[in-house]
2 protein chains.
Amino acid sequence: MTPVAALASPRRRELVRLCWDEPRSAGELHRALPDVTFGAVSQQLKILAEAGLVSCTREGRHRIYRAQRAALGPLRRWLEAQWDDALYRLKLEAELDEARRGPAPAPRRKP
Amino acid sequence: MTPVAALASPRRRELVRLCWDEPRSAGELHRALPDVTFGAVSQQLKILAEAGLVSCTREGRHRIYRAQRAALGPLRRWLEAQWDDALYRLKLEAELDEARRGPAPAPRRKP
DNA sequence: TCGTTATTTTAGTTTATACTAAATCATTCA
DNA sequence: TGAATGATTTAGTATAAACTAAAATAACGA
């Protein structure tokens with residue numbers, strides 16, 4: 001699953017937030033989310049880990065999850081790569097938009 | 001639908017990309033995506049419009065879609081607001097992570 | 001007004017996702 | 001080794017998403 005897709009789910013965003021500032025075991029994360037089973041939490045953590053948004057290390061019989069803050073950088077860059085190379089034209093485009101919104105005559109086609 | 005959720009779908013990302021540099025009618029967008037029906041394209045465009053990622057204006061009997069590039073700004077800020085207030089601690093944290101990964105003795109609990 | 005074109009909307013279907021409950025695996029400690 | 005604990009995995013189910021096909025809407029020109 002792509003990082004954006006992983007972050008599309010409120011539940012998974014909550015999990016990332018919960019282990020953002022301090023590492024937490026799967027059990028702690030589960031206890032923080034009383035409306036859901038342990039299994040469900042584990043599944044969502046797996047998705048987040050595969051997307052690179054959290055890391056998981058063992059400590060004894062616990063598994064400690066930590067938000068991978070640095071993954072937000074690549075995520076932003078990934079979003080930017082989709083579109084933002086054109087971002088410098090933003091202000092110009094905005095003006096053009098306004099202009100085009102006015103007249104609206106000929107049915108438009110690809111140039 | 002939240003902007004991240006809207007962008008989680010590859011189909012919708014493609015649509016945004018297609019009308020990023022130049023405005024396009026729904027029909028043009030459909031023609032660029034041969035493996036899907038007109039109805040499906042229209043539905044996805046509606047989702048994108050509601051998420052604020054594209055705008056839609058009428059021109060005669062066409063509907064012209066434009067990517068709302070400026071929406072990426074708020075999206076990034078939204079992502080940042082979830083977590084990034086802690087981002088300045090990133091390098092420090094990375095070091096701590098390394099340190100913690102080594103020993104791994106006592107089962108950890110909330111402080 | 002009527003037919004044509006461009007698009008949206010609705011109803012129904014398929015596919016994917018999130019969940020529960022129960023089984024399984026791994027680690028610690030008696 | 002065996003019981004207890006902490007977590008994952010599996011199988012099955014419910015809900016949500018994406019799609020198709022067809023009907024409805026809207027604007028234009030004859």
Side-chain angles (χ1 to χ4, degrees), chain A residues 1-16 18-19 23-51 53-66 101 103-110, chain B residues 1-16 18-19 23-51 53-66 101 103-110:
Chain A
M1 195 178 278
T2 66
V4 248
L7 291 174
S9 148
R11 177 80 68 202
R12 287 192 293 262
R13 286 199 299 271
E14 196 169 16
L15 282 167
V16 171
L18 283 167
C19 63
R24 299 214 189 254
S25 70
E28 286 175 317
L29 292 168
H30 172 228
R31 268 170 256 130
L33 273 55
D35 60 328
V36 86
T37 62
F38 208 140
V41 169
S42 182
Q43 287 164 7
Q44 299 305 321
L45 286 171
K46 189 183 180 187
I47 290 171
L48 285 168
E50 282 169 0
L53 292 163
V54 303
S55 68
C56 180
T57 61
R58 288 183 106 115
E59 284 190 19
R61 41 187 155 176
H62 296 254
R63 275 175 202 245
I64 306 302
Y65 287 89
R66 327 175 132 74
R101 224 186 305 276
R108 67 169 48 251
R109 292 263 145 217
K110 279 187 246 199
Chain B
M1 196 179 276
T2 66
V4 248
L7 291 173
S9 150
R11 177 79 70 200
R12 288 192 293 262
R13 285 198 299 271
E14 197 169 16
L15 283 168
V16 171
L18 283 166
C19 64
R24 300 213 190 254
S25 71
E28 286 176 315
L29 292 168
H30 173 228
R31 266 170 258 131
L33 273 54
D35 61 326
V36 86
T37 62
F38 209 140
V41 170
S42 182
Q43 287 163 7
Q44 299 304 321
L45 286 171
K46 188 182 181 189
I47 291 171
L48 286 168
E50 282 169 358
L53 292 163
V54 303
S55 68
C56 180
T57 61
R58 289 184 105 116
E59 285 190 18
R61 35 188 160 176
H62 296 253
R63 273 173 202 246
I64 307 302
Y65 286 89
R66 331 174 128 74
R101 226 185 303 278
R108 68 166 46 254
R109 293 263 144 214
K110 278 186 245 197

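Just so it is clear: chains get the letters A, B, ... in the order the sequence lines come, proteins before strands, and each one is counted from 1. Note that the coordinates shown come from a computational prediction; the quantities given were computed from them, not determined experimentally.
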What is the distance from CG of A/Leu15 to C1' of D/dT8, rounded to the nearest Å? 15 Å
Atom CG of A/Leu29 and atom C1' of D/dT8: how far apart are they, to the nearest Å? 14 Å
Is any side-chain heavy atom of A/Cys56 less than 4.5 Å from a side-chain heavy atom of A/Leu45? no
Taken to the nearest whole Å, OH/B/Tyr65 to C1'/C/dT7 is 8 Å
Side chains of B/Val4 and A/Arg13, heavy atoms from C-beta outward: is any pair under 4.5 Å? yes
Counting C-beta onward and ignoring hydrogens, is there a side-chain heavy-atom pair between A/Leu33 and A/Arg11 closer than 4.5 Å? yes
Once side-chain hydrogen bond (donor to acceptor under 3.5 Å, both in side chains) is applied, do any residues pair with B/Arg61, and if so which ones, sequence neighbours excluded? none
To the nearest Å, how far apart are B/Lys46 NZ and C/dT8 C1'? 8 Å
Is any side-chain N or O of A/Ser42 closer than 4.0 Å to OP1 or OP2 of D/dT9? no
Separation of D/dA17 C1' from B/Leu48 CG (nearest whole Å): 14 Å
Rounded to whole Å, how long is the line connecting atom CD1 of B/Ile64 with atom P of C/dT8? 10 Å
Indicate whether OP1 or OP2 belonging to D/dA7 is found under 4.0 Å from a side-chain N or O atom of A/His62. yes
Between the side chains of B/Arg66 and B/Thr57, is a donor N or O closer than 3.5 angstrom to an acceptor N or O? yes
Tell me: CD of A/Glu50 to P of D/dT8, nearest whole Å? 12 Å
So do B/Gln43 and B/Lys46 actually touch side chain to side chain, heavy atoms under 4.5 Å? no
For nucleotides 13-30 of chain C, just jot down a letter per nucleotide in 5' to 3' order: B, S or -, based on protein non-hydrogen atoms under 4.0 Å. -----SBB-----SBB--
